[in-house]
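Working notes for the structure below.
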Amino acid sequence: MKRNLLKSLFIIAVITGIFACTSTLQKEEQKPNIIYIMSDDHGYQAISAYGFGINQTPNIDRIAEGGAIFTRACVTNSLCAPSRAVLLTGKHSFKNGKVDNVQAFNWDQPNFPKILQANGYQTAMIGKIHLDGIPQGFDFSMVLPGQGNYYNPDFLIEGEKVQKKGYVTEIITETALNWLKNKRDPNKPFCLLYHQKAPHREWMPAEKYYKQYTKMEFEEPATLFDDFEGRGTAAKEAEMNILKHQNWAGDSKLYPEVMDELGIEETSNWGVNAFNNNTGRMDETQKAAWDAVYQPINEEFKRIYPSIKSDNKELMHWRYERYMQDYLACIASVDEGVGELLDYLDEAGLADNTIVVYTSDQGFYLGEHGWFDKRFMYKESFRTPLLIRYPKEIKPGTKIDKLVQNLDFAPTFLDYAGLETPTEMQGESFRGLVGGKTEQFRDFAYYTYYEYPSIHMVKRHYGVATDRYKLIHFYYDIDEWELYDLEEDPMEMKNVYDDPAYADVREMMHEKLNTARENYGDSDANDQKYLKAYLDVQAQ
């Protein structure tokens, strides 16, 4: 009897061991879920985890607190659609063909969601992509056509146009959560691209946040009145000044009838139309709530305008505050949505096995050098926020100062999924870097910008950056070089290209630039090819 009992216990132990080993193996082989959160034009300065003190983003900060924050993440092309094409393909703009917002994007080329989908992942894209055509590589897609609208927006759901009532940021979040909760297959790993329109121009906040933020005042950046004395033609001729180039109606929310009454001319030919179209999408309740807040702002401006209309400093102050109020209010809705998503992952028990990334399609100027918008290789638009959490591999509070680019997302996600990176992808996986397994990463970042002549008139340029130096070549209608010592001149106020003291640095940076262009397959011939294609479209 004792022998039988021992035999039974042995069998039970073996079976238990088998199940334990099987369970452990399943956990080890379980592929991570991926949630990639991208906002539009969200400058890193406006994420409180970066320490600038402009605003508070407690939910986005949760990603950094539980994972890693990148202090020098940057883009290959600081423009909406090209940046998104780089994300998907892992290739520079001149390789994937989407060099500007004008040229078509070829969805038929490989992208990382297609590869994940072919290897057992369930995939979805929800929100803004700003690339023509029906997205490929996704089991479900609901995207904004073009730039989209903030209020009662249209969406393309699997290519079919549908209008949804409400505020765009909230709709995108609700749809993403519904897909996660009810639409995906719980037996498959998933990859969700959750893309917000906000805080893209023209900034139209949600009611609960414009009521709050229009009462706030923000400190002006030290370079708000930069005269560009230390830089070349490109900075001097760009049309990105808050006072001179933002729309009074579309951007600053000055009502057209108030502009007429005060004799203020719009700065562009679309500003008034933008205001009328954006507010015209509101229903009666939304419009009444809007007017209850923005009409008093207009009345106050009417009162003070006669005394400040000849004072550019005071006018700039008013426009800067209006800009920050609406821009940061839009971000507050984005942050709220991130919190709802993170809460769901916790509640569903998915947090430990889900990679969560927060980033933007590029950086943005928040009054630095008097500017708004992006496009330049200068710091505020070149850098982009990047925060990532993956409890299985990334230690909370990790800080990365390497020059990781949006070029590297596709290889990184494929690496996490245990898949090989196609040879045509040009980025590098930063999995080992952020996981603490290596400190090695490339020591430079290569940049290109093509959309000129166009809105904002930022000249065509390319360049290379290292930890300390940045070399930029502006070309086409000018031929000017700029070199910056980022240690001595972190705000990039003084071009030292012709300074004899930097002769050796200049030579070294030219060598690095030539190597980068050769390695990535870029050339002057590429520049001319895309210039001709752009000018041909503009001439039509």
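Side-chain contact check for I69 versus I400: every heavy-atom pair is 4.5 Å or farther apart. Looking at heavy atoms from C-beta onward, R322 lies in side-chain contact with T214 at the 4.5 angstrom threshold. Residues E420 and L414 form no side-chain contact, since every pair of their non-hydrogen atoms from C-beta on lies 4.5 Å or further apart. Within the 4.5 Å cutoff, the side chain of Y150 has no heavy atoms near those of the P205 side chain.
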* To do: Kindly indicate, with the supporting measurements, whether the criterion side chain to side chain donor-acceptor pair (under 3.5 Å) is fulfilled by Y452 and D477.
  => CA-CA 10 Å; Y452 175 88; D477 58 341; 2.6 Å; yes
* To do: Given ring pair (Phe, Tyr, Trp, His ring centres under 6.0 Å), test Y365 with F372 step by step and report yes or no.
  => CA-CA 5 Å; Y365 290 97; F372 67 107; 9.4 Å; no
* Decide side chain to side chain donor-acceptor pair (under 3.5 Å) for N111 and T89; before the verdict, give the C-alpha distance in whole Å, the side-chain angles of both, and the deciding distance to 0.1 Å. => CA-CA 5 Å; N111 65 39; T89 65; over 6 Å; no
* Asked: Yes or no on side chain to side chain donor-acceptor pair (under 3.5 Å) for D443 and T466, after CA distance, side-chain angles and deciding distance?
  -> CA-CA 6 Å; D443 62 355; T466 66; over 6 Å; no
* To do: Take H92 and Y446 through the ring pair (Phe, Tyr, Trp, His ring centres under 6.0 Å) test and state the conclusion after the steps.
  => CA-CA 9 Å; H92 275 280; Y446 180 61; 5.6 Å; yes
* Evaluation steps, side chain to side chain donor-acceptor pair (under 3.5 Å), between E336 and N59 -> CA-CA 7 Å; E336 181 179 37; N59 295 301; over 6 Å; no
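Taken from CG in L224 to CD1 in I242, the straight-line distance is 6.0 Å, to the nearest 0.5 Å. Considering CG of L87 and CG of L131, their distance stands at 9.5 Å, rounded to 0.5 Å. Here CG of D335 is found 9.5 Å from CD1 of I331. Values are rounded to the nearest 0.5 Å. Between the CD atom in Q405 and the OG atom in S83 there is a gap of 10.5 Å [rounded to 0.5 Å]. Atoms CG and CE, from N514 and M509 in turn, are 11.0 Å apart once rounded to the nearest 0.5 Å.
Of the possible donor and acceptor atoms, none in the side chain of T76 sits under 3.5 Å from a partner among the backbone N and O of L407. A side-chain donor-acceptor contact under 3.5 Å links T384 to the backbone of S360. Side-chain atoms of E451 do not come within 3.5 Å of backbone N or O of V458 as any donor-acceptor pair. S307 places a side-chain N or O within 3.5 Å of a backbone atom of I304 that can act as its donor or acceptor partner. For the pair N495 (side chain) and W481 (backbone), a donor-acceptor distance under 3.5 Å is present. Without hydrogens or angle criteria, K399 side chain to D401 main chain gives no donor-acceptor distance under 3.5 Å. At distances below 3.5 Å, not a single donor-acceptor pair connects side-chain atoms of D326 with backbone N or O atoms of M204. A donor-acceptor contact shorter than 3.5 Å links the side chain of D100 to the backbone of Q103. In this structure, E492 contributes its side chain and K379 its backbone to a donor-acceptor pair below 3.5 Å. Under a 3.5 Å cut-off, the side chain of Q109 and the backbone N or O of N106 do form a donor-acceptor pair.
Between H200 and W203, the shortest heavy-atom distance links the atoms O-CD1, 3.4 Å. Of all heavy-atom pairs between V272 and E266, the closest is N-OE2, 3.7 Å. The minimum heavy-atom distance linking L79 with Y449 is given by the pair CD2-CE1, 4.2 Å. Here the closest non-hydrogen pair linking S93 and P82 is OG-CB, 3.9 Å. Listed here is the closest heavy atom pair of Y378 and I472: CE2-CD1, 3.9 Å. Here the closest heavy-atom approach between residue K128 and residue K197 is recorded as CD-CA, 4.1 Å.
Counting heavy-atom neighbours within 6.0 Å of E439 CD, excluding the residue itself, gives a total of 12 or less. Within a 6.0 Å sphere centred on NZ of K532, other residues, nucleotides and ligands contribute 12 heavy atoms or fewer. Environment of CG in D536: crowded, with over 12 heavy atoms of neighbouring residues, nucleotides or ligands closer than 6.0 Å. E219 CD: 12 or fewer foreign heavy atoms inside a 6.0 Å radius.
The pair K459-E237 meets the salt-bridge criterion, since a charged nitrogen lies less than 4.0 angstrom from a carboxylate oxygen. At a threshold of 4.0 Å, the pair D527-R460 does not count as salt-bridged, since none of the basic side-chain nitrogens sits closer than that to a carboxylate oxygen. Ion pairing between R72 and D467 holds under the 4.0 Å rule for side-chain N and carboxylate O. A salt bridge is absent between K494 and D489: the closest approach of a Lys/Arg side-chain nitrogen to an acidic carboxylate oxygen does not fall below 4.0 angstrom. Ion pairing of D226 with R231 is present here, as a side-chain N (NZ or NE/NH1/NH2) and a carboxylate O approach within less than 4.0 Å. Salt bridge annotation for R84-D361: present, with a cationic side-chain nitrogen under 4.0 angstrom from a carboxylate oxygen. Salt bridge status for E428 with R442: present, with a side-chain N to carboxylate O gap under 4.0 Å.
In summary, the aromatic rings of W371 and F228 are positioned with their centroids under 6.0 Å apart. Taking the six-membered ring for Trp and the full ring otherwise, F70 and F430 have centroids separated by under 6.0 Å. H195 has its ring centre less than 6.0 Å from the ring centre of Y36. Aromatic ring centres of Y390 and Y416 lie closer together than 6.0 Å.
Taking the ring axis of W248 as reference, the NZ or CZ atom of R319 stays within 45° of it and closer than 6.0 Å to the ring centre. A cation-pi arrangement is present between R517 and Y462, with the terminal nitrogen or guanidinium carbon under 6.0 Å from the aromatic centre and inside a 45° cone about the axis. With a 6.0 Å cutoff to the six-membered ring centre and a 45° limit on the axis angle, R506 counts as a cation-pi contact of Y497. In this structure, R383 is not positioned above the aromatic face of Y50 in the sense of NZ or CZ being under 6.0 Å from the six-membered ring centre and within 45° of the axis.
Using a 30° and 60° split on the angle between ring planes, W107 and F105 fall in the perpendicular class, above 60°. Using a 30° and 60° split on the angle between ring planes, H42 and Y358 fall in the perpendicular class, above 60°. Relative ring orientation between Y305 and F301 is described as tilted, the plane-to-plane angle lying within the 30° to 60° band. Taking the six-membered ring where tryptophan is involved, the planes of F413 and F112 are tilted, since the angle between them lies from 30° to 60°.
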